[in-house]
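Just so we're on the same page: letters track the sequence lines, and every chain starts at 1.
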Protein chains: 2
Amino acid sequence: MNENAPKPPLGLALRHAHIRAARVFTEELRSLGLENVVAGILIHLGHLGPQTQRQLIDMLNSDKSAMVRYVDTLEQRGLVRREPHPTDRRAQWIVLTEAGQVMLAEVHRAADRGEERLTTCFTPSERELFHELLVRFARG
Amino acid sequence: MNENAPKPPLGLALRHAHIRAARVFTEELRSLGLENVVAGILIHLGHLGPQTQRQLIDMLNSDKSAMVRYVDTLEQRGLVRREPHPTDRRAQWIVLTEAGQVMLAEVHRAADRGEERLTTCFTPSERELFHELLVRFARG
DNA sequence: TATTGTTATACTCTATAACTATA
DNA sequence: TATAGTTATAGAGTATAACAATA
């Protein structure tokens, strides 16, 4: 029909971009035995310090029942601890263990390798710009 | 731990961006009764003309069994026809019907409304730039 | 021998609701 | 009355393998 091939719409491009990136990060994280989202939790805990599960849910666009399972797997592997929350006795205070901090450093290296592989199509300044625009878009 | 809040890593930002956009497009497409991926198939058929299911699978990062169901629903709603492929008798030639072309126009309007809502955080030139970088990133 | 499409199956993810203990 | 977390369950989405027809 159309002889000129137009740019894919924003939504489809985002879908492709996310799928491609998720595959690359899955590969990079495989040797650590971590799922992408679980690795994301470690990164958030590293950035923000101890969080409640509710805070992690908001941060990762997840939901309550999924978060319970994610934290379970992290706790079983000794990477986080559930501690009583200092002011809210309903809440769990999710804290990185020493092993978790060691693992977090590995996760950051894996994420860096992944970003490197994913952004060979960009110049360094384009890469920086893309990242900045993407963060703004994600926040809305 | 860290007092300065660093930019979320690329992968997490992509996850957020995709989830946010998918929600907006789902809302915009609701009145048409179409899922996001199914609407994406219509868009591709409009851009590229009749395609085999295999081509649609590659285009949408889907898989064979899912594509059968997607095309089933499109065919049941009278938006596409399965025709014999002109040169490959194994393949199905997926063709937009007249009703499908009418619906496609609606889909494009819905997508435009969605993009409008999603990119209020950008200036027009930033929006254009983001779209272009995103397409390049998605292609790798 | 490989590929297109179909079907069936299993597995994962997500969404939802009920429940407790706290606020 | 509302919220944090847990648990159970159902639904959607995805992945896999077997199959028939054709390349």
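The side chain of Asp88(B) approaches dA23(D) more closely than any other nucleotide in the set dG5(D), dT7(C), dA23(D). Each of dT6(C), dT16(D), dA4(D) was ranked by its minimum atom distance to the side chain of Gln53(B); first place goes to dT6(C).
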Take Leu45(A) and Leu104(A) through the side chain to side chain contact (heavy atoms under 4.5 Å, CB included) test and state the conclusion after the steps.
-> CA-CA 9 Å; Leu45(A) 291 176; Leu104(A) 176 57; over 6 Å; no

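The separation between Trp93(B) atom CH2 and dG5(C) atom P is 11 Å, rounded to whole Å. Here the C1' atom of nucleotide dG5(D) and the CD1 atom of Ile94(A) are 10 Å apart, to the nearest Å. Taking atom CG of residue Asn61(A) and atom P of nucleotide dC13(C), one finds them 16 Å apart after rounding to whole Å. A straight line from CZ of Arg54(A) to P of dA2(D) spans 15 Å, rounded to a whole angstrom. With rounding to whole Å, Gln51(B) atom CD is found 16 Å from dG5(C) atom C1'. In this structure, Glu75(B) atom CD and dT6(C) atom P are separated by 9 Å, rounded to whole Å. With rounding to whole Å, Gln55(A) atom CD is found 15 Å from dT3(D) atom P. One interatomic measurement links the two molecules: CD1 of Ile19(A) to P of dT14(D), which rounds to 8 Å at whole-angstrom precision.
A donor-acceptor pair is defined here as one N or O able to donate and one able to accept, closer than 3.5 Å; such a pair exists between the side chain of Arg136(B) and the backbone of Cys121(A). Put simply, the side chain of Arg77(A) never gets that close to the backbone of Gly100(A): no donor and acceptor are under 3.5 Å apart.
Heavy atoms only, all atoms of each residue included: Arg117(B) and Arg20(B) are closest at O-NH2, 3.9 Å.
Heavy atoms of Ala66(A) sit nowhere under 4.0 angstrom from any nucleic acid atom.
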Quick one, give me the B/S/- string for nucleotides 8-13 of chain D, reading 5' to 3', where B means a protein heavy atom under 4.0 Å from the base and S means that only happens at the primed atoms, P, OP1 or OP2.
-> B----S

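With no hydrogens or angles considered, a side-chain donor-acceptor pair links Thr119(A) and Arg127(A) at under 3.5 Å. Residues Arg23(A) and Asn61(B) bring a donor and an acceptor atom of their side chains to less than 3.5 Å of each other.
Where Gln92(B) and Arg90(A) meet DNA chain C, the nucleotide closest to each residue was compared, and Gln92(B) sits on the side nearer the 5' end. Taking the nucleotide of DNA chain C with the nearest heavy atom to each of Asp72(B) and Ala91(B), the more 5' of the two is matched to Ala91(B).
Between Arg89(A) and the phosphate of dT20(C), there is no side-chain N or O to OP1/OP2 separation shorter than 4.0 Å. Residue Arg82(A) has a polar side-chain atom (N or O) positioned under 4.0 Å from OP1 or OP2 of dT6(D).
For the side-chain contact (heavy atoms from CB on, under 4.5 Å) test, residues two or more places apart in sequence or in another chain that qualify with His85(A) are Thr52(A), Thr87(A), Asp88(A), Ala91(A), Trp93(A).
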